[in-house]
Amino acid sequence: MRIVTDSRPMDQPKEPAGDVLYDLFVHVAPEADREAMVALYRRGNFGYGEVKKALADAAEKYFARTTRPPC
């Protein structure tokens, strides 16, 4: 939860492109979740803690699917 984010107020809409949290999220989240995250950014009224939790959850699911134990 230590990723640095901008200091704009929570109520302001934000552009997801170029945001470090969103840039990481797109690599591990399914398309539907990415679309929902874009909508969240553009709507505003969210905290980055919410995005960080979504990123952590998506990364956990992604690596659980792609990591296989050696035979």
Side-chain angles (χ1 to χ4, degrees):
M1 296 303 224
R2 294 183 181 190
I3 296 174
V4 177
T5 56
D6 71 29
S7 59
R8 283 182 282 177
M10 289 175 30
D11 62 331
Q12 286 187 351
K14 298 162 186 66
E15 181 57 39
D19 180 83
V20 68
L21 293 172
Y22 181 76
D23 290 344
L24 292 169
F25 187 76
V26 299
H27 292 288
V28 295
E31 180 66 26
D33 292 349
R34 292 191 303 258
E35 291 172 5
M37 187 63 69
V38 166
L40 176 73
Y41 268 74
R42 291 187 176 150
R43 182 183 70 233
N45 291 319
F46 71 93
Y48 281 109
E50 184 178 345
V51 179
K52 290 176 181 181
K53 181 171 178 354
L55 172 59
D57 291 345
E60 183 178 328
K61 289 175 187 172
Y62 176 83
F63 289 111
R65 289 191 312 263
T66 60
T67 305
R68 303 281 187 260
C71 296

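As a basis for the values below, the full set of heavy atoms in this structure was taken, side chains included, without hydrogen atoms, waters or symmetry mates. Bear in mind that the values here come from a model prediction, so they are computed numbers and not experimental data.
Side-chain contact between Tyr48 and Val20 is absent, with no heavy atoms from C-beta onward closer than 4.5 Å. Residues Phe25 and Val51 fail the side-chain proximity criterion, which asks for heavy atoms closer than 4.5 Å. A 4.5 Å side-chain heavy-atom check between Lys14 and Phe46 finds at least one atom pair inside the cut-off.
Put simply, CE on Met37 and CZ on Arg42 are 13.0 Å apart, with the number rounded to the nearest 0.5 Å. For the atom pair CG of Asp33 and CG of Leu40, the computed distance is 12.0 Å after rounding to the nearest 0.5 Å.
Salt bridge status for Lys53 with Glu50: absent, with no side-chain N to carboxylate O gap under 4.0 Å.
Across all non-hydrogen atoms, the minimal contact from Asp23 to Pro16 is OD1-O, 4.2 Å. Across Val28 and Leu55, no two heavy atoms sit closer than the pair CG2-CD1, 4.1 Å.
No single ILVMFWY cluster, assembled from side-chain heavy atoms under 4.5 Å apart, contains both Met10 and Tyr41.
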